[in-house]
Amino acid sequence: MSKRRPYVRSMDGWWKKNPHFVEYMIHEGTAVFVAAYALTLLCGLVRLGQGEAAWNAWLEALKSPFSLVAHVVFLAAIAYHAFTWFKLFPLTMPPMVVNGKKVAPEVMVNTGLAAAVAAALALLGFVWRIAA
């Protein structure tokens, strides 16, 4: 029988003591929702390959109340995941210099977020135009 070492007990919840680690753990937790949505889309791709009836059944399943709630949860989790990812830009990229001045971290984050929102809106407009 092994006894639990005292120093192991002190490691419980180590990440809760630092707000940066808490944010990181939440960011990593939202990756589960990103993966779940990827599997949802993969399921739709498989259904598309199985023919029109399977595709239409998958589309009908997406209209269920459970699916609609799940998509709202996916959207919130993926938006948070993307936001925290863009917040890491200044920490992971080499310093950017424009006209001899270092670009402020907030500018890098806001530019990344603006580009993501613009790309999402362009894709939404494209899909909306196809569906209409």
Side-chain angles (χ1 to χ4, degrees):
M1 295 175 73
S2 66
K3 293 183 180 180
R4 189 169 186 187
R5 297 181 193 115
Y7 69 86
V8 174
R9 175 166 254 173
S10 68
M11 292 299 291
D12 292 343
W14 61 268
W15 56 274
K16 295 177 188 174
K17 295 176 178 132
N18 185 327
H20 295 291
F21 290 146
V22 171
E23 185 177 14
Y24 174 76
M25 295 300 277
I26 294 170
H27 169 82
E28 292 303 309
T30 58
V32 173
F33 294 95
V34 174
Y37 191 66
L39 289 174
T40 301
L41 294 178
L42 184 61
C43 180
L45 189 61
V46 168
R47 291 304 206 175
L48 182 62
Q50 293 173 340
E52 186 176 354
W55 170 252
N56 288 334
W58 183 74
L59 289 177
E60 283 302 313
L62 291 180
K63 295 177 185 176
S64 73
F66 173 77
S67 179
L68 294 175
V69 169
H71 276 77
V72 169
V73 171
F74 289 156
L75 178 63
I78 291 170
Y80 181 82
H81 188 84
F83 174 71
T84 55
W85 179 254
F86 286 117
K87 280 180 57 176
L88 292 174
F89 270 8
L91 301 174
T92 58
M93 290 180 63
M96 292 181 62
V97 179
V98 177
N99 293 331
K101 293 182 180 180
K102 186 176 176 185
V103 176
E106 301 83 33
V107 172
M108 294 172 68
V109 171
N110 292 337
T111 302
L113 287 170
V117 168
L121 290 174
L123 182 61
L124 181 63
F126 178 72
V127 170
W128 203 297
R129 192 173 265 164
I130 290 175

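Only this structure's heavy atoms are used, side chains among them; waters, hydrogens and symmetry mates stay out. Every value quoted in this text rests on a predicted model; they were computed, and no experiment measured them.
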Hits for side chain to side chain contact (heavy atoms under 4.5 Å, CB included) against A61, two or more places apart or cross-chain, chain-then-number order -> none

By ring-ring contact (aromatic ring centres under 6.0 Å, His included), F86 pairs with (sequence neighbours left out) F89

Those residues at least two apart in sequence (or on a different chain) that pass side-chain hydrogen bond (donor to acceptor under 3.5 Å, both in side chains) with Q50 are R47

ask   = Tell me, do L75 and V72 make a side-chain contact under 4.5 Å, heavy atoms counted?
value = no

Sequence neighbours excluded, the answer for side chain to side chain contact (heavy atoms under 4.5 Å, CB included) partners of V107 is V103, A104, T111

For residues 53-66, the side-chain hydrogen bond (donor to acceptor under 3.5 Å, both in side chains) pairs (sequence neighbours left out) are E60-K63

Co-membership, hydrophobic cluster, residues M25 and L88, 4.5 Å side-chain: no

ring-ring contact (aromatic ring centres under 6.0 Å, His included) filter on F21, not counting sequence neighbours, yields W14

Open item on the list: Taking the side chain as everything from C-beta on, heavy atoms only, tell me whether N18 gets closer than 4.5 Å to V22.
Closed with: no

Hits for salt bridge (charged side-chain N to carboxylate O under 4.0 Å, His left out) against E23, two or more places apart or cross-chain, chain-then-number order -> K87

The side chain to side chain contact (heavy atoms under 4.5 Å, CB included) partners of V32 (sequence neighbours excluded) come to none

With sequence neighbours left out, the residues meeting side chain to side chain contact (heavy atoms under 4.5 Å, CB included) with H81 are H27, T30, A31, V34

In short, side-chain hydrogen bond (donor to acceptor under 3.5 Å, both in side chains) pairs touching residues 97-108 with sequence neighbours left out are none

Heavy atoms of L68 and L62 approach each other most closely as CD2-O, 3.8 Å

Self-check item: ILVMFWY network linking M93 to W85, side-chain heavy atoms under 4.5 angstrom
Solution: yes

One should read off an interatomic distance between L48 CG and L41 CG, to the nearest 0.5 angstrom, of 12.0 Å

Between I78 and F33, the two heavy atoms sitting closest are CD1-O, 4.4 Å

So the salt bridge (charged side-chain N to carboxylate O under 4.0 Å, His left out) pairs with at least one residue in residues 34-45 (sequence neighbours excluded) are none

Self-check item: ILVMFWY cluster, L91 and M96 together (side-chain gap under 4.5 Å)
Solution: yes

According to the interplanar angle, ranging from 0 to 90°, do the rings of H71 and F74 count as parallel (below 30°), tilted (30 to 60°) or perpendicular (above 60°)? perpendicular

Contacts satisfying salt bridge (charged side-chain N to carboxylate O under 4.0 Å, His left out) that involve residues 120-132 (not counting sequence neighbours) are none

